[in-house]
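First comes the structure, then the notes that go with it.
The basis for the numbers below is simple: all heavy atoms, side chains too, and nothing from hydrogens, waters or symmetry mates. To find a chain, count down the sequence lines: A is the first, B the second, and so on, and within it residues start at 1.
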Number of protein chains: 2
Amino acid sequence: MPFHSKFYQKKVQHKRFYCAVDFAFQRIGGKYKGRILWALRDGTLRYGELRRHIEGVTTKMLTQALKEMERDRLISRNVIATKPLHVEYSLTPSGKLLIPFIDLMRVWGEHEINNLHSP
Amino acid sequence: MPFHSKFYQKKVQHKRFYCAVDFAFQRIGGKYKGRILWALRDGTLRYGELRRHIEGVTTKMLTQALKEMERDRLISRNVIATKPLHVEYSLTPSGKLLIPFIDLMRVWGEHEINNLHSP
DNA sequence: CCGTATCCGAATAGATACTG
DNA sequence: CAGTATCTATTCGGATACGG
């Protein structure tokens with residue numbers, strides 16, 4: 001049960017936030033959360049599939065981000081008791097609300113990347 | 001000249017990024033950049049005014065964020081040679097493109113804050 | 001008024017090894 | 001397969017003092 005493991009106990013408390021923008025950035029900030037949300041936009045992915053989508057991530061950082069996002073109800077975690085174990089991740093309704101936003105970021109990012117050497 | 005000071009030289013190189021989402025989060029991630037963009041949405045603010053808008057920020061962090069955002073062409077910096085000095089900050093066209101995005105974040109954040117104790 | 005500089009602790013991130 | 005644990009390196013962020 002992730003909510004009781006020692007591993008989980010880090011960062012259970014949010015820092016104080018001063019406004020809604022601050023709050024939102026605390027929830028989807030960090031190095032990988034945006035990319036995780038984006039990877040899950042079309043449905044369900046297993047842990048290992050996510051790991052391959054998010055190039056460069058370690059198990060430690062991926063697990064940590066996933067636990068925080070589960071706690072914050074952005075994603076849900078579903079264990080399938082096959083052998084070996086399968087674990088599926090997908091967006092919650094709240095998480096799905098963020099997809100248009102991530103998409104805006106992506107479009108803006110592509111635009112900026114294309115203009116990097118011609119400003 | 002900020003582009004030549006020792007202070008500026010930190011973080012001149014971006015880390016490697018793997019996709020546009022990653023790129024975008026590197027540019028507006030961090031603790032204060034979202035709030036700075038939001039504060040400048042309606043026009044120009046001076047350094048001290050910004051500082052009062054972004055409650056809790058220190059001069060170090062504000063200056064650092066402003067320099068990075070200037071380097072990334074999200075904001076522009078205008079020095080007015082009065083005495084004492086005035087320095088005005090405003091959004092560039094590229095920075096203005098991010099406002100709808102920040103607004104989405106803010107709306108989502110307010111929605112989430114309201115549902116924190118009734119999930 | 002608008003920053004710079006320095007010190008230092010906290011938080012974040014990576015590498016590596018190991019387990020049910 | 002899906003993590004956990006540990007150790008270390010790097011980065012971030014706050015406090016404080018000072019300067020043009």
Expected rows: protein N/O vs nucleotides 13-17 of chain D N/O, under 3.5 Å:
unit_1: D/dG13; atom_1: N7; unit_2: B/K60; atom_2: NZ; d: 2.9
unit_1: D/dG13; atom_1: O6; unit_2: B/K60; atom_2: NZ; d: 3.2
unit_1: D/dG14; atom_1: OP1; unit_2: B/K31; atom_2: NZ; d: 2.5
unit_1: D/dG14; atom_1: OP2; unit_2: B/Y32; atom_2: OH; d: 2.9
unit_1: D/dG14; atom_1: O6; unit_2: B/K60; atom_2: NZ; d: 2.4

*In chain order, what residues pass the side-chain hydrogen bond (donor to acceptor under 3.5 Å, both in side chains) check against A/Y89, with sequence neighbours excluded?*
A/R77
*Contacts of B/R51 that satisfy side chain to side chain contact (heavy atoms under 4.5 Å, CB included) - sequence neighbours left out*: B/Y47, B/V57, B/T59, B/L62
*List for me each residue that meets side-chain hydrogen bond (donor to acceptor under 3.5 Å, both in side chains) alongside A/N78, sequence neighbours excluded, and say none if there are none.*
none
_Whether A/R35 side chain and A/E55 backbone form a donor-acceptor pair below 3.5 Å_ = yes
*Not counting sequence neighbours, which residues clear side-chain hydrogen bond (donor to acceptor under 3.5 Å, both in side chains) with A/H53? List them please.*
none
_With heavy-atom distances below 4.5 Å as the criterion, would you say the side chains of B/D22 and B/Q26 are in contact?_
yes
*Hey, are the side chains of A/E68 and A/Q64 touching, using non-hydrogen atoms and a 4.5 Å cut-off?*
yes
_B/R52 side chain near C/dC1 phosphate (N/O to OP1/OP2, under 4.0 Å)_ = no
*Does A/F101 have any ring pair (Phe, Tyr, Trp, His ring centres under 6.0 Å) partners at least two apart in sequence or in another chain, and if so, which?*
B/F101
_Between P of C/dT12 and NZ of A/K67, the distance in whole Å_ = 17 Å
_Spacing between A/L50 atom CG and D/dG3 atom C1', to the nearest angstrom_ = 13 Å
*Nucleic acid contacts - residues 79-88 of chain A versus DNA chain C, non-hydrogen atoms under 4.0 Å*: none
*A/I75 CD1 to D/dA2 C1': how many Å, rounded?*
14 Å
*Write down the distance between CG (A/N78) and P (D/dG3), rounded to a whole number of angstrom.*
11 Å
*asked:* Among residues at least two apart in sequence or on other chains, which ones pass side chain to side chain contact (heavy atoms under 4.5 Å, CB included) with A/R41?
replied: A/W38, A/I99
_Closest approach to the side chain of B/R46, judged atom by atom: which nucleotide of C/dC1, C/dG3, D/dA2 is it?_
C/dC1
*Taking side-chain hydrogen bond (donor to acceptor under 3.5 Å, both in side chains) as the test, write out the residues that go with B/S90, two or more places apart.*
B/S76
*Mind jotting down which residue pairs meet the salt bridge (Lys or Arg N to Asp or Glu O under 4.0 Å) criterion with at least one end in residues 93-116 of chain B? Sequence neighbours excluded, please.*
B/D103-B/R106, B/R106-B/E110
*asked:* Please determine whether a side-chain nitrogen or oxygen atom of B/Y89 lies at a distance below 4.0 Å from atom OP1 or OP2 of C/dG3.
replied: yes
*In whole Å, what is the span from the CG atom of A/L66 to the P atom of D/dC1?*
16 Å
*Provide, to the nearest angstrom, the distance between the CD atom belonging to A/E55 and the P atom belonging to C/dA13.*
18 Å
_For the helix from C/dC1-D/dG20 to C/dG20-D/dC1, what angle separates the axis at the start from the axis at the finish, each from five pairs, in steps of 10°?_
60°
*How close or far is atom C1' of C/dT12 from atom CZ of B/F25, stated in whole angstroms?*
17 Å
*asked:* Distance check needed: D/dC12 C1' versus B/K33 NZ, whole Å only.
replied: 12 Å
